[in-house]
Amino acid sequence: MSVLLLVRHGQASFGAADYDALSEAGHEQARLLGASLAARGVVPGRLVRGELTRHAQTTAALLAGAGWAVPPEVETDAGWDEFDHLRVVDAHTPLADAAARLASPRAFQELFEQATARWTGGQHDADYAEPFGAFTTRVHAALTRAAERAARGGTTLVVTSGGPVSLVVSRLLAGDASLWRALNPVTVNTGVTKVVSGRRGLTCVTFNAHDHLDATPALLTYR
């Protein structure tokens with residue numbers, strides 16, 4: 001049996017010029033996760049990350065916090081990248097018209113949920129560079145690659161985003177993407193989802209674990 005640990009990236013820089021860069025809190029979340037994994041004796045044989053800046057920075061901080069004597073080789077796989085949330089929002093409400101709502105996390109979350117409902121509905125696929133169906137196919141392929149390359153009895157870390165994590169969990173629990181809209185908003189920054197691969201295939205055994213943040217509740221973030 002092999003183990004896949006799917007890690008959502010640390011907090012990105014909401015409202016900043018470069019959203020894709022981690023905030024100070026995001027760096028600390030990732031460092032704490034690395035230290036927690038090492039303290040529990042988790043030593044991954046492989047580490048796969050998406051190609052976004054927040055994935056790279058989360059990976060670097062996680063490795064620094066873990067301090068493994070033999071750190072895993074880092075591989076990149078764009079299949080684990082997040083969907084383009086700004087384009088999805090823009091297709092629902094042009095960003096120029098939504099500027100005031102984008103400045104407020106609460107207002108943005110409301111707009112975001114409306115926009116993703118439209119995106120996942122499938123009636124407006126021509127409006128998107130990557131329709132929801134294409135996103136699900138991409139993430140499923142990345143999961144298959146990670147599972148096939150995982151060493152038997154070993155652990156693979158995957159640093160990705162909330163969208164792919166939620167999609168994997170929905171598929172493993174419900175057999176489709178029907179749970180995605182409920183799971184995606186509650187994914188915690190640096191939350192860990194555990195998937196095991198055995199004779200029965202892939203099984204999700206934990207979702208969104210974030211005990212490494214228990215001692216610092218101010219670092220519990222969702223965006």
[X] side chain near [Y] side chain, heavy-atom distance below 4.5 Å:
X: Lys194; Y: Val3; answer: yes
X: Phe83; Y: Tyr128; answer: no
X: His92; Y: Asp127; answer: no
X: Leu32; Y: Leu219; answer: yes
X: Thr156; Y: Leu47; answer: no
X: Val88; Y: Phe112; answer: no
X: Leu143; Y: Leu4; answer: yes
X: Val169; Y: Trp180; answer: no

May I ask you to decide whether [X] forms a salt bridge with [Y], counting only side-chain N to carboxylate O separations under 4.0 Å?
X: Arg145; Y: Glu148; answer: no
X: Glu130; Y: Arg138; answer: yes
X: Arg171; Y: Asp176; answer: no

(Q) Take a 6.0 Å sphere around NE2 of His140 and say whether it holds more than 12 heavy atoms from other residues, nucleotides or ligands. (A)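 No, because the 6.0 Å sphere around NE2 of His140 holds 12 heavy atoms or fewer from other groups.
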Q.
Given His9, which partner from the list Arg54, Glu82, His55, Gln57 fulfils the side chain to side chain donor-acceptor pair (under 3.5 Å) test?
A.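 Exactly one option meets the side chain to side chain donor-acceptor pair (under 3.5 Å) with His9, and it is Arg54.
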To the nearest 0.5 Å, what is the distance between [atom1] on [X] and [atom2] on [Y]?
X: Met1; Y: Thr203; atom1: CE; atom2: OG1; value: 7.5 Å
X: Leu213; Y: Gln29; atom1: CG; atom2: CD; value: 6.0 Å
X: Gln11; Y: Asn189; atom1: CD; atom2: CG; value: 6.0 Å
X: Leu6; Y: Leu157; atom1: CG; atom2: CG; value: 9.5 Å
X: Leu220; Y: His212; atom1: CG; atom2: NE2; value: 9.0 Å

Using every non-hydrogen atom in the two residues, find where [X] and [Y] come nearest and quote the distance to one decimal.
X: Ala129; Y: Arg87; answer: CB-NH1, 3.6 Å
X: Ala174; Y: Ser178; answer: CB-OG, 3.7 Å
X: Cys204; Y: Leu173; answer: CB-CD2, 4.4 Å

(Q) Test of understanding: with side-chain contact (heavy atoms from CB on, under 4.5 Å), list the residues that count as partners of Asn208, not counting sequence neighbours. (A)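 side-chain contact (heavy atoms from CB on, under 4.5 Å) check on Asn208 returns Thr187, Val188.
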Q: Output all residues satisfying side-chain contact (heavy atoms from CB on, under 4.5 Å) with Ala38, sequence neighbours left out; order by chain, then residue number.
A: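 By the side-chain contact (heavy atoms from CB on, under 4.5 Å) rule, Ala38 matches Ala66, Trp68.
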Q: Determine yes or no for a side-chain-to-main-chain donor-acceptor pair under 3.5 angstrom, with Ser170 supplying the side chain and Ser166 the backbone.
A: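 Checking the backbone N and O of Ser166 against the side chain of Ser170, no donor-acceptor pair under 3.5 Å is found.
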Q | Expected output: side-chain Asn184 to main-chain Gly163 donor-acceptor under 3.5 Å | A |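 A pair under 3.5 Å: yes.
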Q | Sequence neighbours excluded - side-chain hydrogen bond (donor to acceptor under 3.5 Å, both in side chains) pairs with any residue from residues 40-49 | A |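 Non-adjacent pairs meeting side-chain hydrogen bond (donor to acceptor under 3.5 Å, both in side chains): Arg46-Glu75.
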(Q) Under 4.5 Å between side-chain heavy atoms, counting indirect links through other Ile/Leu/Val/Met/Phe/Trp/Tyr residues: same cluster for Val195 and Leu62 or not? (A)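 Different clusters: Val195 never reaches Leu62 through Ile, Leu, Val, Met, Phe, Trp or Tyr contacts under 4.5 Å.
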